[in-house]
S.K.: 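Input: one structure, supplied below.
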Protein chains: 4
Amino acid sequence: MTGKKVNEIQKGDRARFSKTVSESDIYLYAGITGDFNPAHVNQSYAEKTFFQSRIAHGLLSAGFISTVIASKLPGPGTIYIKQELNFTAPVYIGDTITAFVEVLEVSVPENSVILKTICKNQKDEVVVEGQAIVSPPKG
Amino acid sequence: MTGKKVNEIQKGDRARFSKTVSESDIYLYAGITGDFNPAHVNQSYAEKTFFQSRIAHGLLSAGFISTVIASKLPGPGTIYIKQELNFTAPVYIGDTITAFVEVLEVSVPENSVILKTICKNQKDEVVVEGQAIVSPPKG
Amino acid sequence: MTGKKVNEIQKGDRARFSKTVSESDIYLYAGITGDFNPAHVNQSYAEKTFFQSRIAHGLLSAGFISTVIASKLPGPGTIYIKQELNFTAPVYIGDTITAFVEVLEVSVPENSVILKTICKNQKDEVVVEGQAIVSPPKG
Amino acid sequence: MTGKKVNEIQKGDRARFSKTVSESDIYLYAGITGDFNPAHVNQSYAEKTFFQSRIAHGLLSAGFISTVIASKLPGPGTIYIKQELNFTAPVYIGDTITAFVEVLEVSVPENSVILKTICKNQKDEVVVEGQAIVSPPKG
């Protein structure tokens with residue numbers, strides 16, 4: 001149940017996680033965070049916006065990045081230090097989002113890894129992109 | 001149902017949102033994102049870690065920032081452009097987290113606002129901090 | 001799967017339903033309705049209030065009345081016409097609430113029944129009380 | 001984090017809250033309350049009823065009234081005293097419900113406010129209507 005240690009990680013290593021975002025995901029996420037922005041939970045309102053329908057919370061999709069980091073690269077025991085996120089396109093109910101994580105830099109002395117983190121939808125459009133810094137599990 | 005327009009926002013404006021993080025919040029968040037890191041959902045494992053108990057997902061607490069942005073400052077109609085997050089301390093089950101948002105810069109021509117975004121626990125410890133860029137509602 | 005018809009119901013008929021109210025019940029209820037009153041979801045705030053701890057939403061406990069009506073008296077097929085609710089005491093996390101329903105009046109020509117509806121906690125304190133009018137299933 | 005005091009409230013003051021009711025809202029509400037009336041959770045049954053499809057629990061929509069009271073009018077710190085509810089039309093999955101609250105009477109000596117409380121769907125049909133009595137936050 002322990003992820004990769006810093007000396008087991010190399011630049012270019014990759015992992016991913018995919019999920020179709022459901023209406024119930026968005027509704028539960030609103031319920032956890034208290035973010036009832038009508039763009040997320042009010043279809044009548046959303047139809048009159050630029051996006052024309054309810055969209056997912058940006059940080060919901062970003063959560064799939066954390067899933068990759070925590071389960072695969074580096075995996076369990078990793079400490080999340082920093083995450084930068086640029087929200088580049090909307091995520092609609094029914095979109096299938098894939099979070100891609102790729103190792104950009106490894107620092108053994110600092111026990112840290114810089115990751116490129118991107119989420120794309122089923123049309124290969126980038127919906128979230130940025131970088132993360134994580135500390136892989138030790139000994 | 002529309003938030004503040006860019007010309008209604010001033011440097012120094014503030015808003016906040018608070019919630020006690022429950023075990024069910026963490027479990028539902030795990031269920032939505034698929035992030036079943038044992039640090040979040042395995043108490044036996046967590047007791048042997050540095051944190052000594054299950055902790056919340058970093059992006060869960062960060063979600064409260066989005067709640068402030070979406071509901072209060074600037075409010076409904078805001079588009080989330082960018083979020084930087086530094087995870088500085090763990091959040092335990094039962095911690096009461098307050099997300100604070102403060103306007104750092106306003107650009108009327110670009111219709112954008114830079115926000116300082118901080119989450120603190122009930123002991124006034126910073127658990128998440130960073131900056132966001134958002135685009136307030138138009139017209 | 002059909003409840004009692006109006007001619008099968010008599011003044012004095014009774015039914016009940018009990019459940020221990022959990023933190024997750026309150027949190028999910030907040031998530032469904034958007035009612036994030038700090039009295040329900042912010043323990044730090046709640047400790048400074050008259051109630052001294054987080055309490056359940058009044059309408060959450062009232063929901064147990066609907067459970068009795070829909071499942072037992074009159075049962076499936078019943079149409080809910082009216083509900084009066086007086087909130088008389090707080091419900092805390094861990095309280096076991098019992099909803100009691102008793103038939104006060106039956107009108108066969110109007111196909112309607114007036115019900116006394118009370119919720120009590122494990123100390124036999126009334127937390128919600130009032131009356132309901134329902135229309136039992138036909139033919 | 002405190003709502004309006006009784007002397008800050010005037011007859012005619014209004015507030016509202018809107019949400020599209022999802023299938024997951026109805027299912028979670030059933031799970032919290034135990035109200036598994038087939039009209040709410042059994043589509044095969046519901047198709048043979050007068051309503052022809054699954055409908056939301058009446059008290060679920062009524063919960064949006066509580067959201068307005070708790071978050072806006074009077075806001076945090078308000079104590080819910082009484083709520084009368086008449087269920088006037090069904091709410092279907094996908095309906096966008098708006099809860100409207102309007103101040104009918106203010107009693108400063110009794111620290112109480114009488115509210116008109118109405119929920120409408122996206123077609124402007126009244127689905128729930130009634131009155132509430134609340135006690136605004138003190139000092």
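Letters A, B, ... are given to chains in the order of the sequence lines, protein chains preceding strands, and every chain is numbered from 1. Just so you know, these numbers come straight off a predicted model, no measurement behind them.
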S.K.: Quick check on B:Asp25 against chain C: is it the side chain, the backbone, both or neither that has a heavy atom closer than 4.5 Å?
M.R.: side chain

S.K.: Do the side-chain N and O atoms of B:Thr20 and B:Thr96 include a donor-acceptor pair separated by under 3.5 angstrom?
M.R.: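 Note: B:Thr20 and B:Thr96 side chains meet the donor-acceptor criterion.
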
S.K.: Between C:Leu28 and chain B, which part of the residue has a heavy atom less than 4.5 Å away: side chain, backbone, both or neither?
M.R.: side chain

S.K.: Between C:Thr98 and C:Ser18, does any side-chain donor sit less than 3.5 Å from a side-chain acceptor?
M.R.: yes

S.K.: Is it the backbone or the side chain of C:Phe36 that comes under 4.5 Å from a heavy atom of chain B, or both, or neither?
M.R.: side chain

S.K.: Please report the shortest heavy-atom distance between B:Gln52 and B:Gln43, naming the atom on each side.
M.R.: O-NE2, 4.4 Å

S.K.: Does any heavy atom of chain C fall under 4.5 Å from the side chain of B:Tyr27, the backbone, both, or neither of them?
M.R.: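 It is neither, since no heavy atom gets under 4.5 Å.
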
S.K.: Classify the side-chain pair C:Thr117/C:Glu129 by whether it contains a donor and acceptor separated by less than 3.5 Å.
M.R.: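 Distance-only check fails for C:Thr117 and C:Glu129.
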
